[in-house]
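Shown next, in structure tokens, is the structure this report addresses.
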Amino acid sequence: ALILSLLASQKREPLAPGVLTEIERALASARQLTDLSNDFLELEKFEAGRGSLESASISALDVCELACETLAETIDSVGVVIEIPKKDCIIMADESRILKVMEVLLLNAIRRSTAGASIVISLNTADGFATLGITDYGPPIADTDADVIFDKFSLSSETGAGRSGLGLAIAKAIVAAHDGTIGGIS
């Protein structure tokens with residue numbers, strides 16, 4: 001990736017037409033492979049009980065807003081509308097890990113949605129526990145997928161093409177490491 005980055009910077013001789021485009025594609029592929037490897041390693045660490053958390057008091061609303069900011073380009077390109085909660089709650093969690101969970105869940109909701117659709121993020125508290133909900137109005141999850149979507153390498157029959165099947169499994173592992181539960185309702 002470093003060599004590709006150096007070539008793409010063109011600090012040497014100008015590249016032949018089309019070469020820069022191919023280098024940029026190769027660089028994007030290298031980044032995707034690195035991300036996939038990192039996701040797989042993260043999941044394996046949590047499944048082996050070696051995933052680390054740096055818990056602190058954090059604003060759940062801030063995490064929701066940051067996830068939306070991170071995914072703003074995807075949100076805009078699909079044309080969905082994200083409804084953010086009006087109220088906040090403070091949770092004891094590892095902010096970067098919970099942000100990852102939020103991004104995975106939100107991205108999955110975006111992928112199931114069409115232009116103009118709303119995705120609603122909700123925060124509720126009861127008996128000392130916080131519940132984060134993400135509701136999309138895309139097609140329902142197939143009955144055959146509902147029980148396995150949080151399993152490693154599980155891919156939805158509708159949206160799985162070109163995906164690794166690790167995102168929801170990682171989200172599940174992170175939530176479990178926080179002594180929480182995660183699930184989907186169709």
Side-chain angles (χ1 to χ4, degrees), residues 34-113 116-138 140-141 145-152 154 156 159 163-186:
T34 300
D35 290 346
L36 178 62
S37 297
N38 289 337
D39 284 349
F40 187 72
L41 288 172
E42 181 177 27
L43 179 58
E44 289 299 309
K45 282 180 186 177
F46 275 106
E47 287 183 342
R50 292 183 291 141
S52 62
L53 298 175
E54 295 180 22
S55 293
S57 294
I58 62 170
S59 161
L61 182 58
D62 286 352
V63 171
C64 294
E65 290 172 344
L66 187 54
C68 289
E69 288 172 22
T70 303
L71 296 172
E73 189 175 314
T74 303
I75 292 167
D76 291 342
S77 70
V78 174
V80 295
V81 176
I82 308 294
E83 295 180 28
I84 305 249
K86 305 281 187 261
K87 62 181 182 173
D88 192 8
C89 65
I90 302 301
I91 58 175
M92 193 67 159
D94 182 318
E95 186 171 26
S96 66
R97 302 289 189 181
I98 292 300
L99 176 60
K100 172 102 175 167
V101 171
M102 184 66 195
E103 289 171 354
V104 166
L105 296 175
L106 195 52
L107 189 55
N108 274 272
I110 293 166
R111 287 180 181 146
R112 299 187 63 77
S113 299
S118 290
I119 296 172
V120 180
I121 302 172
S122 60
L123 287 172
N124 296 297
T125 57
D127 301 324
F129 291 95
T131 303
L132 167 71
I134 298 178
T135 305
D136 70 67
Y137 299 95
I141 299 168
D145 293 338
D147 294 333
V148 297
I149 59 172
F150 291 95
D151 293 347
K152 186 175 12 178
S154 175
S156 165
T159 61
R163 312 274 180 237
S164 68
L166 293 175
L168 290 173
I170 291 169
K172 179 180 178 182
I174 292 170
V175 170
H178 283 87
D179 295 324
T181 58
I182 191 170
I185 300 171
S186 188

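From a predicted model like this one, the values you see are computed outputs, not experimental measurements. Because only heavy atoms are used, hydrogens play no part in the values below, and waters and symmetry mates are left out as well, while side chains stay in. Counting begins at 1 with the first residue of the sequence.
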Least distance between heavy atoms, V104 atom then A171 atom: CG1-CB, 4.2 Å

Contact check, side chains of S52 and R97, non-hydrogen atoms, under 4.5 Å: yes

Under 3.5 Å side-chain donor-acceptor pair for D136 and S113: no

No-hydrogen, no-angle side-chain donor-acceptor test under 3.5 Å, D94 and S96: yes

Pairwise distance CD(E103) to CG(L66) - rounded to 0.5 angstrom: 7.0 Å

Note, I134 side chain near I119 side chain (heavy atom, < 4.5 Å): yes

Over all atoms of both residues, closest heavy-atom pair of I91 and A60: CD1-CB, 4.3 Å

Shortest non-hydrogen contact between F46 and A173, atoms and distance: CB-CB, 3.6 Å

CD1-CD distance between I82 and E69, expressed to the nearest 0.5 angstrom: 13.0 Å

Test log, rule side chain to side chain donor-acceptor pair (under 3.5 Å), inputs T131 and N124: CA-CA 5 Å; T131 303; N124 296 297; over 6 Å; no

Flag side-chain contact, heavy atom, 4.5 Å: V63 against E95: yes

Close side-chain approach of L61 and P85, heavy atoms under 4.5 Å: yes

Stepwise side chain to side chain contact (heavy atoms under 4.5 Å, CB included) check, I121 with M102: CA-CA 10 Å; I121 302 172; M102 184 66 195; 3.3 Å; yes

L105 side chain reached by I182 side chain, heavy atoms, under 4.5 Å: yes

Donor-acceptor contact below 3.5 Å, side chain R112 vs main chain P140: yes

Distance (rounded to the nearest 0.5 Å) between S57 OG and I90 CD1: 7.0 Å

Side chain to side chain contact (heavy atoms under 4.5 Å, CB included) assessment of E42 paired with I174: CA-CA 9 Å; E42 181 177 27; I174 292 170; 4.0 Å; yes

L106 side chain near C68 side chain, heavy-atom distance below 4.5 Å: yes

More than 12 heavy atoms from other groups under 6.0 Å of CD on E47: yes

Nearest-0.5 Å distance that lies between atom CG in L132 and atom SG in C64: 5.0 Å

4.5 Å side-chain heavy-atom contact, D151 and K172: yes

Residues K100, I170; criterion side chain to side chain contact (heavy atoms under 4.5 Å, CB included); working and verdict: CA-CA 9 Å; K100 172 102 175 167; I170 291 169; 4.1 Å; yes

Exercise: identify the closest heavy-atom pair between L168 and F150: O-CD2, 3.5 Å

Within 6.0 angstrom of I185 CD1, more than 12 heavy atoms from elsewhere: no

For A177 against L53, the heavy-atom pair lying closest together: O-CD1, 3.3 Å

